[in-house]
Novice: 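Below is a structure I'd like to ask you about.
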Protein chains: 2
Amino acid sequence: MAQPTADTGRRALDVAERLVQTRGFNGFSYADIAEALGVTKASLHYHFPSKADLGQRLIERYEAGFVETLAGIDRAQQNAAQKLRRYAKIYADVLRANRMCLCGMLASDYATLPKPMRERVRHFFDENERWLVRVLDEGRKAGQLAFKGAPIDLARMIVASLEGAMMLARSYGEPPRFDAAAERVIAELEARKSV
Amino acid sequence: MAQPTADTGRRALDVAERLVQTRGFNGFSYADIAEALGVTKASLHYHFPSKADLGQRLIERYEAGFVETLAGIDRAQQNAAQKLRRYAKIYADVLRANRMCLCGMLASDYATLPKPMRERVRHFFDENERWLVRVLDEGRKAGQLAFKGAPIDLARMIVASLEGAMMLARSYGEPPRFDAAAERVIAELEARKSV
DNA sequence: GTCTATAGGTGGATAGAC
DNA sequence: GTCTATCCACCTATAGAC
């Protein structure tokens, strides 16, 4: 095992991503990744000199994939409420893969994170808010959504609710708890036909 | 320092509570507590043989204090919306003390917790839901609150939203982010005067 | 109830051979 | 790019003296 030309870097990120999403940044070690890949800890340090380096790369890759997924939603969906449900479904799918949001976990670990990681965590949430603000704004203007106040406040509330609902649903081992909370948040925004 | 008769157990819980609320269960050690109190690690093991014991005691004490605070709200407030705002203010005050909810942090650490701690974390949230369900139910019957569906679903959504909003607000170092999210959740439930 | 001393393990990280 | 070997700091936990 452990071919010299294997893309250990990428595979290490895959394993580390899962570990952070389940156990948090302080809940795993190089030894865990090394064992999963059948390589030594020293090999991992070649690809990621410090754990802080590993963490930064993790967030960058995760955000890139997330942003791409959001772009996919934009391409496929017309209705703003549908877009929001697709957004919530990203979280639901992660939860059913027995994982948490990578950056939700890192937000919990925030006080123990190296500074470069902190900035990248915030950037991830900034991107989420930016996408949501646009969807909310367009949805309201199109008469598909109805809500009071600034889209940014609502966007932040949506992110917070989904992140929190995910954490709670996992603690109970009941993914439907997440679905119920997400649906409550989104349904509240849909323009009533009777108005 | 370290008088023989000092209530080291209680003071250790105080320090450990703060550490868990800021750094998580895997983000502190007996050494951190020992240093803060001016005692040795061995002394702490006399009071809490294992870290799991310490964790259990932490949750039990935290829940007891929380339940007592909720009882205080019941004694003082009449209006259901006011009670909910007082409930949210518990979180807001914790956040402004540069802490997270103890059990919100432990929910993030859930996969790494010893089983007895897991059960107690869930029990804490059960108690929160129980109190919220009663307030929501009474408030709707009294015409002070307006919402559709089962109170339990709404209660769970409220807990999730506040826990999530707390995490996000801390990451940005902006407590008002929590206030805005909490107000959005509660205002949505208030019975409109115009209906 | 607190101490010294220590056990036995794991953490992140590095040097240098291959 | 991966290995062996190793460092040193830190972890939880225990034994036994005071």
Side-chain angles (χ1 to χ4, degrees), chain A residues 1-20 22-59 105-106 108-118, chain B residues 1-20 22-59 105-106 109 111-118:
Chain A
M1 52 189 81
Q3 269 84 344
T5 56
D7 50 347
T8 301
R10 186 189 56 75
R11 297 205 301 148
L13 285 176
D14 291 341
V15 173
E17 183 176 87
R18 175 175 52 76
L19 287 169
V20 174
T22 50
R23 303 175 56 86
F25 195 67
N26 299 316
F28 79 103
S29 70
Y30 275 63
D32 296 322
I33 305 171
E35 189 184 54
L37 297 188
V39 300
T40 61
K41 290 188 290 172
S43 300
L44 298 177
H45 277 285
Y46 167 81
H47 295 279
F48 311 99
S50 75
K51 203 178 177 184
D53 296 321
L54 172 60
Q56 290 171 53
R57 295 272 298 274
L58 273 180
I59 303 171
M105 290 298 282
L106 295 177
S108 301
D109 296 330
Y110 201 78
T112 68
L113 296 183
K115 199 179 231 173
M117 285 187 66
R118 295 187 186 187
Chain B
M1 52 188 82
Q3 270 84 343
T5 56
D7 50 347
T8 300
R10 184 188 58 74
R11 297 205 300 148
L13 284 176
D14 291 341
V15 173
E17 184 176 86
R18 175 175 52 77
L19 288 169
V20 173
T22 50
R23 304 176 56 87
F25 194 66
N26 300 316
F28 79 103
S29 71
Y30 274 62
D32 296 321
I33 306 171
E35 189 184 53
L37 297 187
V39 299
T40 62
K41 291 184 288 175
S43 299
L44 298 176
H45 278 285
Y46 168 81
H47 295 279
F48 311 99
S50 76
K51 204 178 175 184
D53 295 322
L54 171 60
Q56 290 171 53
R57 296 271 299 274
L58 272 180
I59 304 171
M105 290 298 282
L106 295 177
D109 296 330
T112 68
L113 297 183
K115 200 179 229 173
M117 284 186 68
R118 295 186 186 188

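Chain naming here is simple, since letters A, B, ... match the order of the sequence lines and numbering starts at 1 in each.
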Novice: List the atom of B:L54, the atom of B:L13, and the distance in Å for their closest heavy-atom pair.
Specialist: CD1-CD2, 3.7 Å

Novice: Enumerate, in order of first residue number, the stems that involve DNA chain D, defined as 3 or more consecutive Watson-Crick or G-U wobble pairs with both distances under 3.5 Å.
Specialist: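 In DNA chain D, stems of three or more pairs: C:1-18 with D:1-18.
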
Novice: Is the side chain of A:K51 donor-acceptor paired with the backbone N or O of A:F25 at a distance under 3.5 Å, no angle test?
Specialist: yes

Novice: Applying side-chain contact (heavy atoms from CB on, under 4.5 Å), can you list everything that pairs with B:P116, at least two apart in sequence or on another chain?
Specialist: B:Q56, B:P114, B:R120

Novice: Round to the nearest Å and state the distance from A:I33 atom CD1 to C:dT10 atom P.
Specialist: 17 Å

Novice: Calculate the interatomic distance between B:R10 atom CZ and C:dG1 atom P; express it in whole Å.
Specialist: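 Result: 14 Å.
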
Novice: What does nucleotides 4-18 of chain D look like as a protein-contact string, B for base, S for sugar-phosphate only, - for none, at under 4.0 angstrom between heavy atoms?
Specialist: B------SBBBB---

Novice: So which atom in A:A16 and which in A:F28 form the shortest heavy-atom distance, rounded to 0.1 Å?
Specialist: CB-CE1, 4.3 Å

Novice: Under the ring pair (Phe, Tyr, Trp, His ring centres under 6.0 Å) test, which residues partner B:F48, sequence neighbours left out?
Specialist: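 Per chain and number, B:F48 pairs via ring pair (Phe, Tyr, Trp, His ring centres under 6.0 Å) with no residue.
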
Novice: Any side-chain N or O of A:Y46 less than 4.0 Å from the OP1 or OP2 oxygen of D:dT2?
Specialist: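 Looking at the OP1 and OP2 atoms of D:dT2, neither is under 4.0 Å from any side-chain N or O of A:Y46.
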
Novice: For B:A42, give me all partners under side-chain contact (heavy atoms from CB on, under 4.5 Å), at least two apart in sequence or on another chain.
Specialist: B:T40

Novice: Between atom CG in A:L54 and atom C1' in C:dG11, what is the gap in whole Å?
Specialist: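 It is 14 Å, rounded to the nearest whole Å.
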
Novice: Write down the distance between CG (A:L44) and P (C:dT14), rounded to a whole number of angstrom.
Specialist: 14 Å

Novice: Specify the separation, in whole Å, of atom CG of A:L37 and atom P of D:dG1.
Specialist: 15 Å

Novice: B:N26 CG to C:dT10 P: how many Å, rounded?
Specialist: 15 Å

Novice: Using 4.0 Å as the upper bound for N to carboxylate O, is an ion pair formed by B:D14 and B:R18?
Specialist: no

Novice: Quick one: ring pair (Phe, Tyr, Trp, His ring centres under 6.0 Å) partners of A:H47, sequence neighbours excluded?
Specialist: none

